[in-house]
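See below for the structure under consideration.
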Amino acid sequence: MITKPKGTKDIYGMEAKKWQYVSKVIDEVMEKYNYDLIRTPVFESTELFHRGVGETTDIVTKETYDFTDRGGRNMTLRPEGTAGVVRSYIENKMYGSDDKPTKLYYNMPMYRYERPQAGRLRELTQFGYELIGSDDPLSDAEVISLAVNIYKILGLKKIKVNINSLGDTESRNNYRDALVKHFKPHIDDLCDDCRERLNKNPLRILDCKIDCDKEVMKTAPKTIDYLNEESKNRFEKVKEYLDVMAVEYEVNPSVVRGLDYYNHTVFEIEVNVEGFGAQNVIGGGGRYNGMINQLGGPVTPAIGFASGFDRLMLALEYENVNLLVNDSIDLFILYVNEEEKKYAAYLTNELRMNGFIVETDYLNRSLKSQFKQADRLNSKYTIVLNSCDLKRNEVKIKNNKSKQEDIISVDALIYYLEEKLSEDELEIYENTNHDLKNTQECTHNKEE
RNA sequence: GCGGAGUUGGUGAAGUGGUUAACACACUGGUUUGUGGCACCAGCACGCGUGGGUUCGAUUCCCACACUCCGCCCCA
């Protein structure tokens with residue numbers, strides 16, 4: 001048997017329905033925030049990621065899927081979304097548009113050559129968005145609050161937002177020097193990885209899980225103390241806007257992010273559900289004002305966010321969020337003989353064209369099996385075609401829940417179904433839809 | 001790249017160096033010549049991750065590999 005490659009996943013059945021639902025919610029929210037969808041290629045020149053994401057990042061040095069195409073070009077399956085979006089922004093001269101800032105979102109698969117574990121796959125899906133062309137602290141706050149809002153609308157409750165500021169280039173360099181100065185005398189106390197990091201990417205030492213409890217770590221300088229006046233004021237502004245939008249957050253100096261391109265605001269969103277596993281950061285992002293220029297575009301400020309779709313789905317599952325996924329059909333049409341089968345074919349087609357979800361039997365099953373199939377599909381109504389009824393141009397339709405049966409004229413069928421289904425829906429809405437109402441009420445209260 | 005635990009049908013699984021791989025659920029058909037979801041009956045793994053080895057004989061023992069799950073590094 002040929003099996004799927006390591007670290008990949010087939011998504012089908014109920015899981016696929018949930019994916020569609022979550023994607024739809026994302027699309028709707030993004031539309032309200034006026035972000036446009038962008039799709040970029042799965043593979044790009046290897047160089048894009050080296051220059052865009054950074055030579056020293058782990059993602060680029062040891063996790064990419066690289067290949068040479070038949071023309072001898074070096075290609076890489078994208079490990080993240082921002083580099084491709086920025087490349088497209090520059091290549092298509094979007095900076096020339098009068099519509100500023102440029103707001104783009106995506107929902108696409110990414111590829112990283114890693115050892116799979118809970119919440120980590122080699123083919124992963126991320127949705128994310130980029131706000132390009134504004135350096136205003138309000139854009140930072142909006143990008144963060146948007147992420148929080150998507151999670152909230154989907155029904156996640158136990159999320160925590162960690163924010164930090166790396167400052168501008170000057171602040172970042174000062175901080176970097178201070179870190180090196182701080183850790184150098186203690187280099188022998190640090191783990192092998194950290195010794196390596198000291199030269200290449202000292203910020204990452206702060207993320208280390210082996211050395212995190214050591215004294216040197218606790219006394220390490222904090223990014224915030226090395227922000228120059230301008231960067232500090234900027235960070236304060238971001239926090240002010242977040243407060244106005246009622247976003248709860250915590251300033252966490254150890255959030256430094258693994259990608260080289262970040263400056264100023266960086267943030268991560270984690271879920272705190274028991275048993276969720278080690279990969280509890282479901283989304284993160286930050287400002288990358290230098291990247292567009294570095295990739296050959298005009299100097300342009302930008303900020304973005306990306307979230308792991310698979311991890312988001314896991315979080316929803318662990319929080320027992322009940323997604324409003326439709327797993328029923330409107331009508332199942334049963335038949336026995338060939339004449340009725342033909343009529344079933346006609347009626348099924350006709351009703352589908354009128355917007356109903358209709359199924360019938362394709363396996364010439366016994367009537368009993370057809371009933372079973374109708375149950376399995378959670379059919380709201382069933383029609384058993386009967387030659388005698390059909391001669392009078394009538395069908396017998398049954399509500400599978402109430403068991404009530406009606407004999408109605410075929411001409412009235414569409415009208416009948418429309419009316420009955422909307423009655424049923426109203427009943428379901430009154431019983432199950434309170435969650436959504438409550439969320440909306442909460443938001444209103446906060447705004448007032 | 002490193003470490004731990006696994007891999008028996010559609011599913012959950014029991015089991016053994018030697019004729020037919022238990023049980024349950026699901027599924028299909030029948031009892032019921034056109035009204036089901038109950039009950040009863042029948043059917044349902046030529047196979048025990050893949051490839052080698054030991055053996056008269058391996059799903060069971062040994063080795064390698066693959067994959068899955070969990071963790072480290074890192075990230076979403």
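These numbers come from the heavy atoms of this one structure, side chains and all, not from hydrogens, waters or symmetry mates.
Contact annotation for A/E270: no contact, since no heavy-atom pair falls under 4.0 Å across all strands. Using a 4.0 Å heavy-atom distance criterion, A/Q279 is classed as a base contact. Among the atoms of the strands shown, base atoms are found under 4.0 Å from some heavy atom of A/L124. As judged by a 4.0 angstrom heavy-atom cut-off over every strand, A/K9 is placed among residues making no nucleic acid contact. Contacts of A/G119 with the nucleic acid, taken as non-hydrogen atoms under 4.0 Å apart, include base atoms. Among the atoms of the strands shown, base atoms are found under 4.0 Å from some heavy atom of A/N400.
The one candidate from A/N74, A/T64, A/T76 that meets the side chain to side chain donor-acceptor pair (under 3.5 Å) condition with A/T46 is A/T76. Of the residues listed (A/L227, A/L166, A/N289), the one engaging A/H264 in a side-chain contact (heavy atoms from CB on, under 4.5 Å) is A/N289, and it is the only one.
Computed from coordinates, the A/F309 CZ to B/rA76 P distance equals 17 Å when rounded to whole Å. Between A/F371 atom CZ and B/rU32 atom C1' there is a gap of 14 Å when expressed in whole angstrom units. Rounded to a whole Å, the CG atom of A/D58 is 11 Å from the P atom of B/rC73. As a whole-Å value, the separation of A/L367 CG from B/rG37 C1' is 13 Å. Straight-line distance from the CG atom of A/L314 to the C1' atom of B/rA76: 11 Å, rounded to whole Å. Straight-line distance from the CZ atom of A/R311 to the P atom of B/rC70: 12 Å, rounded to whole Å. Atom P of nucleotide B/rC38 and atom NZ of A/K403 are separated by 12 Å, given to the nearest angstrom. Whole-Å rounding puts the A/I59 CD1 to B/rC73 P distance at 15 Å.
Sorted by first and then second residue, the pairs that involve residues 384-398 of chain A and meet salt bridge (charged side-chain N to carboxylate O under 4.0 Å, His left out), not counting sequence neighbours, are A/D389-A/R392, A/R392-A/E394. Applying the salt bridge (charged side-chain N to carboxylate O under 4.0 Å, His left out) definition to pairs two or more places apart or across chains, those involving residues 30-54 of chain A are A/E44-A/R87, A/E47-A/R51.
For the C1' atoms, the distance from B/rU20 to B/rU55 is 24 Å, rounded to whole Å. Nucleotides B/rA26 and B/rU68 have their C1' atoms positioned 24 Å apart, rounded to a whole Å. One P atom belongs to B/rU11, the other to B/rC46, and the distance between them is 14 Å to the nearest Å. Taking atom C1' on both B/rU59 and B/rA13, the two are 15 Å apart, rounded to the nearest angstrom. Atom name P, nucleotides B/rC61 and B/rU8: the rounded distance is 15 Å, in whole Å. Nucleotides B/rG43 and B/rA5 are separated by 42 Å at their P atoms, to the nearest Å. Between the C1' atoms of B/rG71 and B/rG53, the separation comes to 33 Å (whole Å). If you take atom P in B/rC27 and the same atom in B/rG10, they sit 16 Å apart, rounded to whole Å.
Nearest nucleotide to the side chain of A/R120, out of B/rC73, B/rG71, B/rG34: B/rC73.
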*Between A/V85 and A/Y105, is a side-chain contact (heavy atoms from CB on, under 4.5 Å) present by the stated rule, with each step listed?*
CA-CA 9 Å; A/V85 171; A/Y105 85 99; over 6 Å; no
*Step by step, work out the side-chain contact (heavy atoms from CB on, under 4.5 Å) result for A/T102 and A/Y35.*
CA-CA 8 Å; A/T102 306; A/Y35 279 78; over 6 Å; no
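If you check distances only, the side chain of A/Q370 never reaches the base of B/rG34 with a donor-acceptor pair under 3.5 Å. The base of B/rA76 lies close enough to the side chain of A/E114 for a donor and an acceptor atom to sit less than 3.5 Å apart.
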_Watson-Crick or G-U pairs under 3.5 Å in RNA chain B, rendered as dot-bracket with [ ] for crossing pairs and | for another strand_ = (((((((..(((.....[....))).(((((.......))))).....(((((..]....))))))))))))....
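The ring-ring contact (aromatic ring centres under 6.0 Å, His included) search around A/Y318 returns A/F276, not counting sequence neighbours. Checked against side-chain hydrogen bond (donor to acceptor under 3.5 Å, both in side chains), A/T300 has no partners two or more places apart in sequence or in another chain. Judged as a side-chain hydrogen bond (donor to acceptor under 3.5 Å, both in side chains), and not counting sequence neighbours, the contacts of A/Y111 are A/E123. Scored by the side-chain hydrogen bond (donor to acceptor under 3.5 Å, both in side chains) test, A/E63 finds no partners at all (sequence neighbours excluded). Partners of A/T169 under the side-chain hydrogen bond (donor to acceptor under 3.5 Å, both in side chains) rule, at least two apart in sequence or in another chain, do not exist in this structure.
Of the charged side-chain nitrogens involved, none lies within less than 4.0 Å of a carboxylate oxygen, so that A/E270 and A/R311 do not count as a salt-bridged pair. With respect to A/D361 and A/K341, no salt bridge is recorded, no charged nitrogen being found less than 4.0 Å from a carboxylate O.
When side chains are defined from C-beta on, A/K380 does not count as touching A/L331, because their heavy atoms never get closer than 4.5 Å. Counting heavy atoms from C-beta outward, A/N164 and A/T265 have side chains that stay 4.5 Å or more apart. In this structure the side chain of A/L156 reaches within 4.5 angstrom of the side chain of A/I282, judged on heavy atoms.
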Atom pairs, N/O to N/O, protein against nucleotides 8-12 of chain B, distance under 3.5 Å?
none

Detail all sub-3.5 Å separations between protein N/O atoms and N/O atoms belonging to nucleotides 27-31 of chain B.
from, atom 1, to, atom 2, distance (Å)
B/rC27, OP1, A/R376, NH1, 3.0
B/rU28, OP1, A/R376, NH2, 3.4
B/rG29, OP1, A/S369, OG, 3.3
B/rG29, OP2, A/S369, OG, 2.3
B/rU31, O4, A/K368, NZ, 3.1

Report each atom pair, protein N/O against N/O of nucleotides 67-69 of chain B, whose distance is under 3.5 angstrom.
from, atom 1, to, atom 2, distance (Å)
B/rU68, OP1, A/G7, N, 3.0

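Near RNA chain B, meaning a heavy atom under 4.0 Å from it, residues 381-391 of chain A has A/V384, A/L385, A/N386, A/S387 in order of number.
Note: A/F267 and A/F305 have parallel aromatic rings, judged against thresholds of 30 and 60 degrees for the angle between ring planes.
Between A/K398 and A/Q126, the residue anchored nearer the 5' end of RNA chain B, judged by the nucleotide with its closest heavy atom, is A/K398.
Base orientation of B/rG4: anti, since the glycosidic angle falls outside 90° of 0.
A/R172 and A/T223 share no side-chain donor-acceptor pair at under 3.5 Å.
Within the cation-pi definition used here (under 6.0 Å to the ring centroid, within 45° of the axis), A/K239 qualifies as a partner of A/F235.
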